[in-house]
Amino acid sequence: MKTLHFSTVIQATPKTVWNTLFAPDTYRQWTAEFAEGSHFEGSWAKGEIIRFLGPDGGGMIAVIADNRPHEFLSIKHQGYIKDGIEDTTSPEVLSWTPAFENYTLSALGTSTELKIDMDCSEKWEDYMVRTWPKALASLKAICESSV
């Protein structure tokens, strides 16, 4: 497992960036770079279960490890969802879990630096390295158009 790092500076407040990252409608917009129709079910509250789903209903199950509004959110990925079945115990899943995905927001005057640190298996590394910059560009455009 490798930890990947991505970052961008967005001309908006941490509150605006946070709300854009995690509100259902805008989440669907910027995560469309990963898969059109991406969405979540559940809560971003610390300790809560959340499911990240694609249009076919498959995806990932996670728990929110930490949530400090407008500053830091940590997602602890725990398994896959396929054909409506959650898998948190198969040898394949246990080979990469837990995997963390962390969002850190820092105020820079009237802007926000957003850092993403995510644990990633080799199988998904190329995809994430190609896709995260597109997703961050989309997020940046959404945030900056609302200012």
Side-chain angles (χ1 to χ4, degrees), residues 1-82 86-88 92-93 95-147:
M1 186 87 68
K2 185 174 187 179
T3 302
L4 304 180
H5 306 280
F6 306 95
S7 66
T8 189
V9 174
I10 300 172
Q11 302 301 314
T13 65
K15 181 179 180 181
T16 296
V17 175
W18 182 272
N19 291 342
T20 305
L21 276 165
F22 306 121
D25 291 343
T26 49
Y27 179 89
R28 282 182 179 267
Q29 292 174 33
W30 72 267
T31 60
E33 297 295 341
F34 294 99
E36 193 68 40
S38 293
H39 61 286
F40 66 88
E41 292 178 354
S43 169
W44 296 104
K46 183 177 179 175
E48 293 293 317
I49 300 263
I50 191 163
R51 291 167 183 83
F52 300 99
L53 304 167
D56 65 355
M60 299 182 77
I61 184 167
V63 66
I64 301 303
D66 198 4
N67 181 329
R68 297 191 309 266
H70 313 148
E71 294 177 9
F72 181 76
L73 184 107
S74 180
I75 302 165
K76 182 180 178 183
H77 293 285
Q78 297 180 312
Y80 291 124
I81 303 167
K82 185 175 181 183
E86 295 176 3
D87 175 5
T88 58
E92 179 190 359
V93 166
S95 75
W96 62 267
T97 59
F100 286 87
E101 182 176 337
N102 297 322
Y103 296 73
T104 305
L105 291 79
S106 303
L108 297 174
T110 59
S111 299
T112 301
E113 180 179 32
L114 171 62
K115 294 180 182 177
I116 312 291
D117 301 300
M118 69 172 297
D119 297 333
C120 185
S121 66
E122 188 176 320
K123 174 181 176 180
W124 290 98
E125 184 177 352
D126 288 342
Y127 174 76
M128 292 300 175
V129 167
R130 283 192 325 270
T131 309
W132 261 110
K134 295 174 192 173
L136 289 176
S138 180
L139 175 70
K140 179 179 172 88
I142 297 163
C143 290
E144 292 178 353
S145 71
S146 67
V147 176

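T112 contributes a side-chain N or O that, together with a main-chain N or O of A12, makes up a donor-acceptor pair within less than 3.5 Å. Side-chain N or O atoms of E144 include one that pairs as donor or acceptor with a backbone N or O of Q11 at under 3.5 Å.
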### Query
side chain to side chain contact (heavy atoms under 4.5 Å, CB included) between L139 and I10: does it pass, once the steps are laid out?
CA-CA 9 Å; L139 175 70; I10 300 172; 4.1 Å; yes
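Salt-bridge formation is detected for the pair R68/D66: a Lys NZ or Arg NE/NH1/NH2 atom is positioned less than 4.0 Å from an Asp or Glu carboxylate oxygen.
In terms of heavy atoms, P14 sits closest to L105 at O-CD2, 3.5 Å. Taking all atoms of both residues into account, the shortest heavy-atom contact from W96 to M1 is O-CE, 2.6 Å. In this structure, W30 and S138 approach most closely via the heavy-atom pair CA-OG, 3.6 Å. Nearest heavy atom pair, residue I81 against residue R51, reads CD1-CG, 3.7 Å. Annotation for T31 and S38: closest pair OG1-CB, 3.4 Å, computed over non-hydrogen atoms. Nearest heavy atoms, Y27 versus L21: CD1-O, 3.3 Å.
Atoms NZ and CG, from K140 and L114 in turn, are 10.5 Å apart once rounded to the nearest 0.5 Å. Distance check, rounded to the nearest 0.5 Å: NE2 of H77 to OG1 of T97 gives 11.5 Å. To the nearest 0.5 Å, atoms OG (S106) and CD (E71) are separated by 8.5 Å. Note that the CE atom of M128 and the CG atom of D119 stand 11.5 Å from one another [nearest 0.5 Å]. Atom NZ of K76 and atom CD1 of I64 lie 12.0 Å apart (nearest 0.5 Å). To the nearest 0.5 Å, atom CE of residue M60 and atom CZ of residue F52 are 8.5 Å apart.
Note: W132 and F34 have perpendicular aromatic rings, judged against thresholds of 30 and 60 degrees for the angle between ring planes. Classified by interplanar angle (parallel below 30°, tilted 30° to 60°, perpendicular above 60°), the ring pair F22/Y103 is perpendicular.
Residue-environment remark: CH2 (W124) stays at or below the threshold of 12 foreign heavy atoms within 6.0 Å.
For the pair I116/L136, a side-chain contact is recorded, criterion being any heavy-atom separation below 4.5 Å from C-beta on.
Evaluated for a side-chain contact (heavy atoms from CB on, under 4.5 Å) with I61, the options V93, D87, T88, L53 yield exactly one hit, T88.
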